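In what follows, a single structure is set out as structure tokens and then discussed.
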Amino acid sequence: MDKTPSQRLKELGLILPPAPPPAGVYKPILVIDKFLYVSGQGPMKNDGTFITGRVGDDMNLGQGKLAAEQVGLTMLSTIQTHFGSIDQIKRVVKVLGMVNSAPDFGQQPLVINGFSELMADIFGNDLGVGVRSAVGMILPGNIPVEIEAMFQLH
């Protein structure tokens, strides 16, 4: 990819929401050696509130996928706020996607594709896709998606 991640973000016309404050006793990001770890992020809207809902209950698959994409934007905002430029990121390494889903909903990986597709759009099809898990669970504040990730730095 010839363009930097920040150039791609701008080219795609994407707007980052405010970085959420920590909701407990933890660091939003942690850098160890050449790796950036990002704590679980929820889908923060541009007005500073969170998207809420339960996929397979009061949200459908498409809405869940959009919430996962919004988590990606929230995560990029957290990185910029607490670390610096996203251009210092070389690649996505590991993603854990958690979906607040109804007991009979089994398409959590398709929901988390919203996050993964955004990362591929920003960092490229190879470097934007890492290893990944997607699971269903109950999430705090009735947010539909929470994602934590690990990135390799240049």
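From a predicted model like this one, the values you see are computed outputs, not experimental measurements. Hydrogens, waters and symmetry mates play no part in the numbers below; they use all other heavy atoms, side chains included.
- With rounding to the nearest 0.5 angstrom, the CD atom of Q88 is 7.0 Å from the CG atom of L153.
- Inter-residue side-chain proximity for V129 and S116 is flagged as unmet; no heavy-atom pair is nearer than 4.5 Å.
- Between I112 and G97, the closest heavy-atom pair is CD1-CA, 3.6 Å.
- The shortest heavy-atom contact between P20 and T74 is CD-CG2, 3.6 Å.
- By the neighbour-count criterion of 12 heavy atoms within 6.0 Å, atom NZ of K45 is densely surrounded, having more than that number from other residues, nucleotides or ligands.
- At a threshold of 4.5 Å between side-chain heavy atoms, the hydrophobic network of Ile, Leu, Val, Met, Phe, Trp and Tyr places L118 and F123 in one connected group.
- Within 6.0 Å of CD1 in I32 there are more than 12 heavy atoms belonging to other residues, nucleotides or ligands.
- A single hydrophobic cluster is seen to contain both L14 and I147, as judged by linkage of ILVMFWY side chains at heavy-atom distances under 4.5 Å, directly or through other members.
- Taking each heavy atom of S101 and G136 in turn, the nearest pair found is OG-CA, 3.6 Å.
- Scanning both residues, A67 and I51, for their nearest heavy atoms gives CA-CD1, 4.2 Å.
- Within the 4.5 Å cutoff, side-chain heavy atoms of L73 are placed close to those of L9.
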request  = Dump the intermediate steps for side-chain contact (heavy atoms from CB on, under 4.5 Å) on M98 and V135, then the final yes or no.
outcome  = CA-CA 5 Å; M98 299 160 275; V135 297; 4.0 Å; yes
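- M137 and V145 fall into different hydrophobic clusters, where Ile, Leu, Val, Met, Phe, Trp and Tyr are joined by side-chain heavy atoms under 4.5 Å apart, directly or via other members.
- Donor-acceptor pairing under 3.5 Å is recorded for the side chains of S6 and D87.
- Counted within 6.0 Å of CG on D33, heavy atoms from surrounding residues, nucleotides or ligands total 12 or fewer; the atom is thus considered open.
- L127 and V38 fall into different hydrophobic clusters, where Ile, Leu, Val, Met, Phe, Trp and Tyr residues are linked whenever their side-chain heavy atoms come under 4.5 Å apart, directly or through other members.
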inquiry  = Show, in sequence, the C-alpha distance, side-chain angles and deciding distance for L76 and M119, and conclude whether the side-chain contact (heavy atoms from CB on, under 4.5 Å) test is met.
reply    = CA-CA 10 Å; L76 294 174; M119 293 298 124; 4.2 Å; yes
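- Using a 4.5 Å heavy-atom cutoff, the side chains of M44 and S77 are not in contact.
- Taking all atoms of both residues into account, the shortest heavy-atom contact from T52 to M59 is O-SD, 3.9 Å.
- Rounding to the nearest 0.5 Å gives a distance of 8.0 Å between CD1 of I79 and CD of Q41.
- F83 CZ to I29 CD1: the interatomic distance, rounded to the nearest 0.5 Å, is 6.5 Å.
- With contacts defined as side-chain heavy-atom distances shorter than 4.5 Å, the pair Q63/N60 qualifies.
- For the pair K94 and S133, the minimum side-chain heavy-atom distance is below 4.5 Å.
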request  = Evaluate the criterion side-chain contact (heavy atoms from CB on, under 4.5 Å) for residue pair N113 and R132; output intermediate values, then yes/no.
outcome  = CA-CA 10 Å; N113 279 350; R132 187 183 91 174; 2.9 Å; yes
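- Tested against L36, the residues V93, V31, I86, L30 include a single side chain to side chain contact (heavy atoms under 4.5 Å, CB included) partner, V31.
- The one candidate from P22, P28, S39, P17 that meets the side chain to side chain contact (heavy atoms under 4.5 Å, CB included) condition with T78 is P28.
- Using a distance-only test at 3.5 Å, with no hydrogens or angles considered, no donor-acceptor pair links the side chain of R54 to the main chain of I138.
- Here the straight-line distance linking atom CG of N125 with atom CD of E117 works out to 10.0 Å at 0.5 Å rounding.
- Between M75 and F115, the closest side-chain pair of non-hydrogen atoms falls below 4.5 Å.
- Looking at V55 and N100, their side chains never come closer than 4.5 Å, going by heavy atoms from C-beta outward.
- Here the side chain of K34 pairs a donor or acceptor atom with the backbone of H154 at under 3.5 angstrom.
- Hydrophobic clustering places V95 together with L110 (ILVMFWY residues linked when any side-chain heavy atoms are closer than 4.5 Å, directly or through intermediates).
- Between F105 and L61, some side-chain heavy-atom pair lies under the 4.5 Å cut-off.
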